[in-house]
Amino acid sequence: MAVKKLAISDFYEMKKEGRKITWITAYDYPIASFAQTSGMDMILVGDSLGMVVYGYNGTVSVTMDECIIHSKAVRRGAPDVFVVGDMPFGSYHISDGDAVANAVRFVKEANVDAIKLEGGERVATRIRAISDAGILVIGHIGLTPQSSAALGGFKAQGRTAESAEAVIADAIAVEKAGARLLLVEAIPPELAAAITKIVKIPVLGIGAGVDIDGQVMICGDILGYFQAFTPKFVKKYANVAEVIINAMKEYVADVRGAKFPGPEHTYSILPEESGRFNEMLKKYIK
Ligand code: KIV
């Protein structure tokens with residue numbers, strides 16, 4: 001079935017009609033192509049690649065160059081899916097100019113459809129500057145992993161009336177600054193549902209309940225191949241790690257037992273060459 005690539009206007013239509021938006025992270029060609037085949041609406045080349053692909057214990061050491069390389073692979077794997085590049089720590093923290101320059105790199109080098117950056121009111125001028133450059137921006141508020149040290153760890157946000165109001169203020173600031181979609185992470189479902197009503201832009205969530213416009217999940221979590229930790233909000237749809245480990249164990253056993261490769265995995269000497277081949281070998285093996 002041919003896939004129609006969605007545009008930003010489609011997500012507004014989906015919000016209006018109450019149709020949920022589906023979003024997953026991908027960092028490489030194969031997972032991106034599987035996402036496209038599955039009918040996924042959006043792909044995020046998240047800076048979570050630092051943990052899922054590179055084995056770092058957080059996202060802050062991820063670089064722009066790493067994000068670009070992975071975004072290019074994802075774009076090749078999913079040419080017909082709306083792809084979002086994730087601005088890594090340091091790529092928008094210094095100035096509006098820097099933020100625009102790095103967002104432009106995502107579009108020019110990796111052909112992404114939008115960029116995402118973390119923060120609310122404090123990044124409003126960055127969001128404005130990038131949207132003024134004609135690039136679609138997705139805000140990300142609530143738990144923002146790049147500032148987990150300042151937030152006291154990877155902790156749910158907005159659990160008191162006061163901090164919930166701060167999250168609402170961030171949502172309003174992000175929308176006002178020009179963001180076209182909003183991601184809310186690890187906040188109570190009641191708060192996420194309220195934000196979905198307060199702002200006009202589509203609100204997607206991770207760990208934010210079901211009463212919002214769509215969901216995003218990290219591929220390594222739902223497919224079961226990221227094993228370092230599993231947040232409460234993850235549902236595992238497969239155990240790919242188990243499948244891979246079992247396949248590798250079988251391969252190891254086959255090689256050690258000389259059961260692999262079998263004749264069906266080898267190339268034969270051409271029948272008309274077998275006489276000359278045997279003659280030639282006598283020079284080497286007496
Ligand atoms: O980098 C990432 O994968 C994210 C998730 C929270 C979706 O931003």
Side-chain angles (χ1 to χ4, degrees), residues 11 20-28 31-32 35 40-64 66-71 73-74 78 81-93 102-103 106 110 112-120 123 127 136-148 151 153-158 167 170-171 174 179 181-187 192 195 202-209 212-223 225-226 228-235 237:
F11 302 127
K20 302 284 188 190
I21 303 164
T22 58
W23 195 12
I24 194 168
T25 67
Y27 318 104
D28 57 25
I31 296 286
M40 196 71 62
D41 297 320
M42 298 169 65
I43 294 177
L44 171 67
V45 188
D47 63 354
S48 50
L49 69 86
M51 292 177 284
V52 181
V53 177
Y54 290 107
Y56 305 150
N57 58 9
T59 56
V60 292
S61 39
V62 173
T63 65
M64 262 310 286
E66 286 167 343
C67 288
I68 295 285
I69 285 173
H70 288 276
S71 298
V74 165
V81 180
F82 190 96
V83 171
V84 181
D86 202 8
M87 302 278 284
F89 184 71
S91 67
Y92 59 98
H93 295 72
N102 283 316
F106 265 117
V112 302
D113 300 290
I115 62 88
K116 170 174 90 60
L117 54 80
E118 294 183 8
V123 296
I127 294 174
L136 296 174
V137 179
I138 301 179
H140 179 169
I141 60 170
L143 170 56
T144 45
Q146 290 171 10
S147 30
S148 59
L151 296 174
F154 291 95
K155 284 193 183 146
Q157 302 293 304
V167 179
D170 276 340
V174 162
L181 296 172
L182 177 63
L183 171 61
V184 292
E185 176 166 359
I187 61 170
I195 290 172
V203 177
L204 295 110
I206 178 165
I212 49 181
D213 301 315
Q215 302 291 330
V216 63
M217 280 275 119
I218 290 178
C219 56
D221 284 337
I222 67 162
L223 301 178
Y225 69 84
F226 178 67
F229 62 92
T230 305
K232 175 186 164 73
F233 52 68
V234 168
K235 176 172 173 186
Y237 288 83

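The first residue in the sequence is number 1, and the count goes up from there. Start at 1 and go down the list; that is how both ligands and their atoms are numbered. Please read all numbers here as calculations on a predicted model, not as lab measurements.
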Kindly check if the number of other-residue, nucleotide or ligand heavy atoms within 6.0 Å of CZ (Phe154) is above 12?
yes
Please confirm whether His140 comes under 4.0 Å of ligand 1, counting heavy atoms of the residue only.
yes
Would you mind listing which atoms of ligand 1 come within a distance below 4.0 Å of any non-hydrogen atom of Asp86?
1 (O), 2 (C), 8 (O)
Nearest heavy-atom contact between Gln146 and Thr59 is CG-OG1, 3.7 Å
Atom 4 (C) of ligand 1: which protein heavy atom is closest, and how many Å away?
Leu44 CD2, 3.7 Å
Are Phe89 and Tyr92, when compared by the centres of their aromatic rings, separated by less than 6.0 Å?
no
List ligand 1 atoms under 4.0 Å from Gly46, heavy atoms only on the residue side.
1 (O), 2 (C), 3 (O)
Going by heavy atoms in the side chains, are Lys155 and Gln157 under 4.5 Å from each other?
yes
Can you tell me the protein heavy atom closest to atom 6 (C) of ligand 1 and the distance?
Glu185 OE1, 3.1 Å
Any nitrogen or oxygen of Thr25, side chain or backbone, less than 3.5 Å from one on ligand 1?
no
Can you tell me if Glu118 has a non-hydrogen atom under 4.0 Å from ligand 1?
no
What is the nearest protein non-hydrogen atom to atom 3 (O) of ligand 1, stated with its residue, atom name and distance?
Ser48 OG, 2.5 Å
Do Tyr237 and Leu223 come within less than 4.5 Å of each other through their side chains, counting heavy atoms only?
no
Nearest-neighbour protein heavy atom for atom 8 (O) of ligand 1, which is reported as residue plus atom name and distance
Lys116 NZ, 3.0 Å
Are any non-hydrogen side-chain atoms of Leu204 and Phe11 less than 4.5 angstrom apart?
no
Among all the protein's non-hydrogen atoms, which is closest to atom 1 (O) of ligand 1, and how far away is it?
Asp47 OD1, 2.9 Å
For a 4.5 angstrom cut-off between non-hydrogen side-chain atoms, does Glu118 reach Glu185?
no
